[in-house]
Protein chains: 2
Amino acid sequence: MQSRLTIKDIARLSGVGKSTVSRVLNNESGVSARTRERVEAVMQQEGFSPSRSARAMRGQSDKVVAIIVTRLDSLSENLAVQTMLPSLYEQGYDPIMMESQFDPELVEEHLGMLKRRNIDGVILFGFTGINEKMLAPWQSTLVLMARDAKGFASVCYDDEGAINILMSRLYEQGHRHISFLGVPHSDVTTGLRRHEAYLAFCKQHQLTPNVALPGLAMKQGYEHVAEVLLPETTALLCATDTLALGASKYLQEHQRTTLQLASVGNTPLMKFLHPEIITVDPGYAEAGRQAVLQLIGQVTQARELRQIVIPSTLQ
Amino acid sequence: MQSRLTIKDIARLSGVGKSTVSRVLNNESGVSARTRERVEAVMQQEGFSPSRSARAMRGQSDKVVAIIVTRLDSLSENLAVQTMLPSLYEQGYDPIMMESQFDPELVEEHLGMLKRRNIDGVILFGFTGINEKMLAPWQSTLVLMARDAKGFASVCYDDEGAINILMSRLYEQGHRHISFLGVPHSDVTTGLRRHEAYLAFCKQHQLTPNVALPGLAMKQGYEHVAEVLLPETTALLCATDTLALGASKYLQEHQRTTLQLASVGNTPLMKFLHPEIITVDPGYAEAGRQAVLQLIGQVTQARELRQIVIPSTLQ
DNA sequence: CTGTTAGCGCGTTCAA
DNA sequence: TTGAACGCGCTAACAG
């Protein structure tokens, strides 16, 4: 295990001074083309890569960001994270992952660790209960996912658009009794906004709304879908994939398979288990990309804190 | 954004020298109780935490490990990772996550990055196609999950035990025509070992084996389960949860719901969607814990490269 | 037991 | 355009 080479070695090998090597490394101006080439050749040949810790100590950033998901097995968040990782690697950032488990205290704990470690930025998947006060120290280095908050950069899904697309589709198909299975209003985006969009559509098209808002869990979909199944109901709109999965199980068990289901969230599991369900893709992949772009922009060029909304697309 | 304090500041504030502070920090002996207390008090009060980058540069490790999963949405791997993360945090390690997508080249790429970053260790979820040669440089700092290889530390599931438990249970229930849905032998653990365990049980109990080995994907379970459904078949054993999910879908669609299913892998999704399926828990949670223990032991105390097998438990 | 000194690998002056 | 010197925060070797 020979210790790795340093810029000093590269300097010696290419017959220049350390600082010249440093300049080449950072693409700084003020180095003749010939010198630069020579140094770069040596670096290439020796497979040199500068010590991260040394650079970090020198006041630069250590190029580490944290991604705090609610749960590692969240289908939707996974899709977003899946595009975040490659984007981050490309830019030379190391992503460290944490799980909040929908627990604000855990988030606080994690943020504590992160502050002590002098991390560059955080991508946080929002959920009901996160306290904006505790996020305050991260205002300029945080991107909030699936939720927006004043003074914070965020990447949200187009809740209203997604619901409208689905409702329009169902309406076009002739459905006039469309029930809604959603999430309580304490969840502003998935809960309140999607519910309101549903209500608005109903009003506009003179449909009678029929709603239950049990929660986010599959089990809750399963247990509460019956409440919105009237005899005349011909279609059911679910606020999330997970909820739809739960509802589907109930419907299968109770032979209500003629009901047309629709849901927000276009996860592979859903596509496999229930291809007959109409879905919109809230743009998870694009959301992941945008979040990274935004975060890197913020921490490297003090870019403004944008609140990005990803458009939904019918599948 | 005031710059954080350093041991120098702490030294000044508590009226001692830098190295004394350093000693206190590292719990080194040779510091009087009084001095230690005083220094610790100041640290506490000032909320001091040492710079990771500086320590890392000073030759220690930077306390970063990588977890390379095959896919972020792997149900089973998630369960293991879920216990790894807290264990790692407890020990002060930062876990950075990567996805191999079952692609050996991606693993190689990732390992390249990790080597350049001077990472402490790697936990790699194995799969068919990983080349042991490319793992060679990591021999002492790698823990392989779900697969074993000569000269490497590993944490494996008890494939044979899991199958035996399930087969015994089915046999006890009176089933005498048990089919098997599994994975090709190119996958040594999930494929070969589980298949062989099934065959051995059949031989021992004079059952006629009936096998298909389509692969790991849900879709493959769905498409190939018909091949092992003979008229006399009363039970079906699946090598994995995912496969069982695919098979279930087919069985439901074809009204073969009297068939008793059993599978290795006790994931929440499975438990919810199909509680009627008999499962064994291969010990994913425990595997995660053991992997971290093993890895930390290896990198901090040069512990031997153990090949750990986690026992399965009937659910 | 404790303080002083000397680097670790790198970026950043400041002369040359 | 370049190199020498200095310091980042910390640990280690050496004095006291």
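Order of the sequence lines fixes the chain letters, A, B, ..., with proteins taken first and strands second; residue numbering starts at 1 for each chain. Heavy-atom basis, side chains included; hydrogens, waters and symmetry copies ignored.
No N or O donor and acceptor, one from the side chain of A:Arg4 and one from the base of C:dG9, sit under 3.5 Å apart. Contact of A:Arg58 with D:dG9 (side chain to base): no donor-acceptor pair of N or O atoms is detected under 3.5 Å.
The 5' end of DNA chain C is approached more closely, in terms of each residue's nearest nucleotide, by B:Ser29 than by the other of B:Ala54 and B:Ser29. Along DNA chain C, the nucleotide nearest to B:Arg23 and the one nearest to A:Lys8 differ in position, and the one closer to the 5' end is contacted by B:Arg23.
Distance, A:Arg52 CZ to C:dC10 C1': 13 Å, rounded to whole Å. What separates CZ of A:Arg36 from C1' of D:dT1 is a distance of 11 Å, to the nearest Å. Whole-Å rounding puts the B:Leu13 CG to D:dG9 P distance at 14 Å. Remark: P of D:dG9 and CG of A:Asp62 are 14 Å apart, rounded to the nearest angstrom. For B:Glu28 and C:dT2, the CD to P distance is 13 Å, given to the nearest whole Å. Summarising the geometry, the separation between CZ on A:Arg55 and P on C:dG9 is reported as 15 Å, rounded to the nearest angstrom. In this structure, A:Ile10 places its CD1 atom 18 Å from C1' of D:dT2, rounding to the nearest Å. The interatomic distance linking B:Leu25 (CG) with C:dT2 (P) rounds to 16 Å, in whole Å.
Heavy atoms only, all atoms of each residue included: A:Leu144 and A:Ala149 are closest at CD2-CB, 3.9 Å.
Closest approach to the B:Val16 side chain among D:dT11, C:dG3, C:dC10 is made by C:dG3 (side chain taken as heavy atoms from C-beta onward). Side-chain proximity of B:Lys18 to D:dT11, C:dT2, C:dG9: nearest is D:dT11. Comparing C:dC10, C:dA6, C:dG9 by their closest approach to the side chain of B:Met57 singles out C:dG9.
Taking only side-chain nitrogens and oxygens, A:Ser19 never comes nearer than 4.0 Å to OP1 or OP2 of C:dT13. Phosphate contact (OP1/OP2 of D:dT11, side-chain N/O of B:Ser22, threshold under 4.0 Å): present. Of the side-chain N and O atoms in A:Ser51, none sit less than 4.0 angstrom from OP1 or OP2 of C:dC10.
At a threshold of 4.0 Å, the pair B:Glu286-B:Arg289 counts as salt-bridged, since one of the basic side-chain nitrogens sits closer than that to a carboxylate oxygen. Look at A:Asp9 and A:Arg4 and you find no salt bridge, because none of the NZ, NE, NH1 or NH2 atoms lies under 4.0 Å from a carboxylate O.
Remark: the A:Asp120 side chain and the A:Ser61 side chain contain an N/O donor-acceptor pair separated by less than 3.5 Å. For the residue pair A:Gln294 and A:Gln290, no side-chain donor N or O sits within less than 3.5 Å of a side-chain acceptor on the partner.
Counting any heavy atom pair closer than 4.0 Å across all strands shown, A:Ser53 reaches no nucleic acid atom. B:Val21 comes within 4.0 angstrom of nothing in the nucleic acid, heavy atoms only.
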